[in-house]
Amino acid sequence: MKHWLSMLDHAPAELAELIADARRMKAGDSADALRGKILGMVFFNPSLRTRTSFEAAMLRFGGHAISLDVGGDTWNLEHRDGVVMDADRAEHVKEAAPVLSRYCDALAVRTFAGLKNANEDAADSLIRAFARYSTVPLINMESAMEHPCQGMADWMTVEEKLGPTRGRNFVLTWAPQAKAVPMAVPHSAALSAAAAGMNLTIAHPKGYELNAGILDRAQSWCESAGGKFQITHDQSAACEIADVVYVKSWGSTAFYGNADAQKEDFRRYASWMVDPRHLVGQKTILMHCLPVRRNVVISDAALDDPRCVVVDQAENRLWTQAAILNRLLRR
Ligand code: CP
């Protein structure tokens, strides 16, 4: 494994091995796996969990992490080729990535989708530029298209809560929001559920389709594992058979560049907010990557229900990332 950029770069069996590694590390194995290693983290966007869980993983396993805020405590970075850099971006990734590679054993980048042009977001060009110019392993801490570390933590959490994942019913449901948000998390949730051999149902209103290439791969992984893959516009029916209700909001490409129209459409689908009526089974678990807007995306009653496992999910970011770092950096 050179970089950790996309779940699409890995076979489901390889991803399952990483989950097993993470469970071993959580149980106390490999105490100094990252001894003496330095991780450089570059944030283009805010974070609570990603920043802290990566730093905690490095410290717990004997290493160290350095965090940079682009445009805050470090220069604004350009990544496009051939541009005249006469505006606010003072440094190019072409220099920044190799320089950071001289100081650090691995790099990690967080950058969100622009939500203006679906093709540009699909190209994931900022993280790809870092990957091109970094001379050490690069980790995707959420890009325009995927949040693979989140997907791995989600998989680990389902396995801890429900046991073997194969054949479980995983429902990924869209929910309204206060403003447009990216598709990276639902993409990775779909891919990890499929790679884990679960039956995957994706519920969303018409017009909120996810990326076709991601859906194709999720379907192919589901079917290879003998599972079912379906997309529906009927949220209630989908949740009736759910072992896992995974909630995430995302914007519609139809409203990219039009914040008012997107906000109005979220209001139109306010009834998609998840509450306890969507948790039909006594053992059904409720998941969300966090942060979550209470009483917009998920109600207080559902988030405060004992079947809600969002804090366990967040904790497992640390252990799955420790396993990824160990694979990338092991001696
Ligand atoms: N889930 C997640 O990535 O959280 P942060 O945005 O707080 O890092």
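Indexing begins at 1, ligand by ligand and atom by atom, following the structure's order.
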Check whether any N or O atom of R110, backbone or side chain, sits under 3.5 Å from an N or O atom of ligand 1, and answer yes or no. yes
Ion pair present between K228 and E223, side-chain N to carboxylate O less than 4.0 angstrom? no
If we number the atoms of ligand 1 from 1 as shown, the ones under 4.0 Å from a heavy atom of L48 are 5 (P), 7 (O), 8 (O)
Go through the side-chain N and O atoms of S188 and Q150 and say whether any donor and acceptor fall under 3.5 Å apart. no
Taking N199 for the side chain and G167 for the main chain, is one N or O donor matched with an acceptor at less than 3.5 Å? yes
Contact (N/O only, under 3.5 Å) between P291 and ligand 1: no
Quick one: does ligand 1 sit under 4.0 Å from the side chain of Q150, the backbone, both or neither, non-hydrogen atoms only? side chain
For V185, which part has a heavy atom under 4.0 Å from ligand 1: side chain, backbone, both, or neither? neither
How far is atom 4 (O) of ligand 1 from its nearest protein heavy atom, and which residue and atom is that? R49 NE, 2.9 Å
Polar contact flag for E142 and ligand 1 (N/O pairs, less than 3.5 Å): no
Going by the atom numbers of ligand 1, which of them fall below 4.0 Å from some non-hydrogen atom of H147? 2 (C), 3 (O)
Specify whether W174 and Y208 have parallel, tilted or perpendicular ring planes, treating 30° as the upper limit for parallel and 60° as the lower limit for perpendicular. tilted
Regarding R35 and the six-membered ring of F61, is the cationic atom NZ or CZ under 6.0 Å from the ring centre and inside 45° of its axis? no
List ligand 1 atoms under 4.0 Å from R317, heavy atoms only on the residue side. 1 (N), 2 (C), 3 (O)
Greater than 12 external heavy atoms within 6.0 Å of R166's CZ: no
Name the residue from D21, T320, N316 that meets the side-chain hydrogen bond (donor to acceptor under 3.5 Å, both in side chains) definition with K26. N316
State the atoms of ligand 1, each with its element, that fall below the 4.0 Å cut-off from a heavy-atom position in L290. 1 (N), 2 (C), 4 (O)
